[in-house]
Amino acid sequence: MPWLALTLQVERSAAEAFSDALLEAGAQSVSLEVSGNVTAILSIDEDSNALIADAARTAGIAPPAYSAETLDDQDWVRASQAQFAPVAIGARLWIGPGWHEPPGGRIAVRIDPGLAFGTGSHPSTKLVLAFLERTLRGGERVLDYGCGSGILAIAAAKLGAAHVDAVDLDPQAVQTTRANASANGVELNSALPDALPAAGYDIVVSNILAQPLIVLAPLLARGVSRGASRIALSGILEAQAGEVAGAYEPWFDMRLDAREDGWALLVGNRK
């Protein structure tokens with residue numbers, strides 16, 4: 001059966017939310033290109049205009065311009081798998097789908113494409129993974145707020161965190177995180193925000209978008225234990241970093257820690 005491949009022109013600030021919305025609307029797979037464009041694979045009989053309009057409404061944007069081409073089955077498999085190439089993070093971590101074998105000596109996190117965003121290929125995800133890889137030494141309590149596929153929470157558990165909570169507003173993301181954690185042989189608590197335990201954390205990570213991060217600042221600040229506790233925020237364009245940092249300054253000493261392809265990672269130590 002042939003498939004339909006779409007290339008959609010989306011503002012970088014809206015690309016992640018729109019990618020999630022495409023999957024929810026029925027796309028078979030979605031990936032973000034370095035350029036900021038979004039590519040999606042649909043069933044050939046799918047109404048692409050209706051699906052794009054539905055996803056755009058969910059993401060709160062106007063339906064973007066797009067181009068389309070038809071792929072046969074074999075081309076779809078190659079295209080889909082090529083979107084999820086393995087990623088080596090720092091000296092210890094490897095992220096990859098099930099059809100790749102990790103190199104020896106690295107901690108492997110296996111994430112296959114599915115119904116929740118996060119396979120390790122997007123710059124904002126890689127920035128947080130690199131932070132966890134160089135920061136975690138074992139025994140920490142970690143919160144991943146906006147967990148998506150659970151990739152950050154699973155990586156934290158595999159890097160030695162003693163307790164990991166993964167939270168998302170989307171029930172599908174919560175279920176996907178649980179399934180991915182089980183597939184990776186790690187234990188963590190995945191739940192909706194209302195079920196978040198009233199406990200302090202050594203490290204909080206959140207890879208969502210700038211505006212939600214600003215709104216969440218008081219909540220995330222209360223969730224971090226005092227002392228050496230740290231927070232790492234991504235999903236932020238470099239131009240947005242100052243505004244997001246300002247929202248957290250009452251509780252943290254914030255700094256721009258790293259950047260990649262126009263995306264920024266903010267890290268803060270508790271005051």
Side-chain angles (χ1 to χ4, degrees), residues 1-72 75-85 87 111-128 146-149 151 168-170 172-173 176 206-215 233-241 243-244 259-264:
M1 182 183 75
W3 300 83
L4 193 63
L6 308 181
T7 300
L8 303 107
Q9 300 169 19
V10 184
E11 291 291 331
R12 295 184 71 169
S13 59
E16 290 192 38
F18 185 60
S19 296
D20 283 341
L22 284 170
L23 288 169
E24 292 174 8
Q28 299 297 308
S29 70
V30 176
S31 67
L32 297 176
E33 299 176 355
V34 173
S35 65
N37 286 343
V38 174
T39 61
I41 305 293
L42 313 183
S43 299
I44 193 65
D45 55 357
E46 188 79 54
D47 184 338
S48 58
N49 287 327
L51 185 144
I52 291 168
D54 184 21
R57 282 194 298 272
T58 300
I61 64 172
Y66 72 95
S67 59
E69 63 175 320
T70 302
L71 302 175
D72 64 26
D75 288 337
W76 176 80
V77 172
R78 285 198 298 266
S80 180
Q81 293 191 352
Q83 293 169 4
F84 304 104
V87 179
I111 301 290
D112 288 335
L115 295 176
F117 179 81
T119 60
S121 61
H122 192 266
S124 66
T125 308
K126 289 192 285 186
L127 287 169
V128 186
C147 56
S149 67
I151 185 172
D168 204 286
L169 292 169
D170 183 359
Q172 178 65 58
T176 299
S206 187
N207 177 33
I208 44 178
L209 295 171
Q211 283 306 125
L213 285 172
I214 291 170
V215 172
L233 308 173
S234 194
I236 306 163
L237 296 174
E238 286 188 53
Q240 301 168 323
E243 184 181 4
V244 176
R259 66 191 77 187
E260 184 173 342
D261 294 335
W263 298 87

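The first residue in the sequence is number 1, and the count goes up from there.
- Here the straight-line distance linking atom CD1 of I44 with atom OG1 of T70 works out to 4.0 Å at 0.5 Å rounding.
- Listed here is the closest heavy atom pair of G146 and I208: CA-CG2, 4.0 Å.
- Contact between N207 and G235 at its shortest, heavy atoms only, is OD1-N, 3.0 Å.
- Taken to the nearest 0.5 Å, the CD atom of E69 stands 6.5 Å off from the OG1 atom of T7.
- Although no hydrogens or angles enter the test, the distance criterion places no donor-acceptor pair under 3.5 Å between the side chain of E46 and the main chain of S43.
- D47 CG to L4 CG: the interatomic distance, rounded to the nearest 0.5 Å, is 10.5 Å.
- The CD1 atom of I111 sits 5.0 Å away from the CD1 atom of I151 when rounded to the nearest 0.5 Å.
- A heavy-atom distance below 4.5 Å is found between the side chains of F18 and I61.
- Considering every non-hydrogen atom in both A53 and P63, the closest pair reads CA-CG, 4.4 Å.
- Between L42 and L51, some side-chain heavy-atom pair lies under the 4.5 Å cut-off.
- We find the CD1-CG distance between I52 and L6 to be 5.0 Å, quoted to the nearest 0.5 Å.
- Looking at Q211 and E243, their side chains come closer than 4.5 Å, going by heavy atoms from C-beta outward.
- A 4.5 Å side-chain heavy-atom check between D170 and E24 finds at least one atom pair inside the cut-off.
- Minimum interatomic distance between S48 and Y66 (heavy atoms only, all atoms of both residues): OG-OH, 3.1 Å.
- The shortest non-hydrogen separation linking P64 to L8 is CG-CD2, 4.0 Å.
- Judged purely by atom type and a 3.5 angstrom limit, D168 has no side-chain atom pairing as donor or acceptor with the backbone of A173.
- Between atom CD of residue E260 and atom OG1 of residue T125 there is a gap of 10.0 Å, rounded to the nearest 0.5 Å.
- Across every non-hydrogen atom of A27 and A40, the tightest pair is CB-CB, 4.5 Å.
- With S234 contributing its side chain and S124 its backbone, the two residues share a donor-acceptor pair below 3.5 Å.
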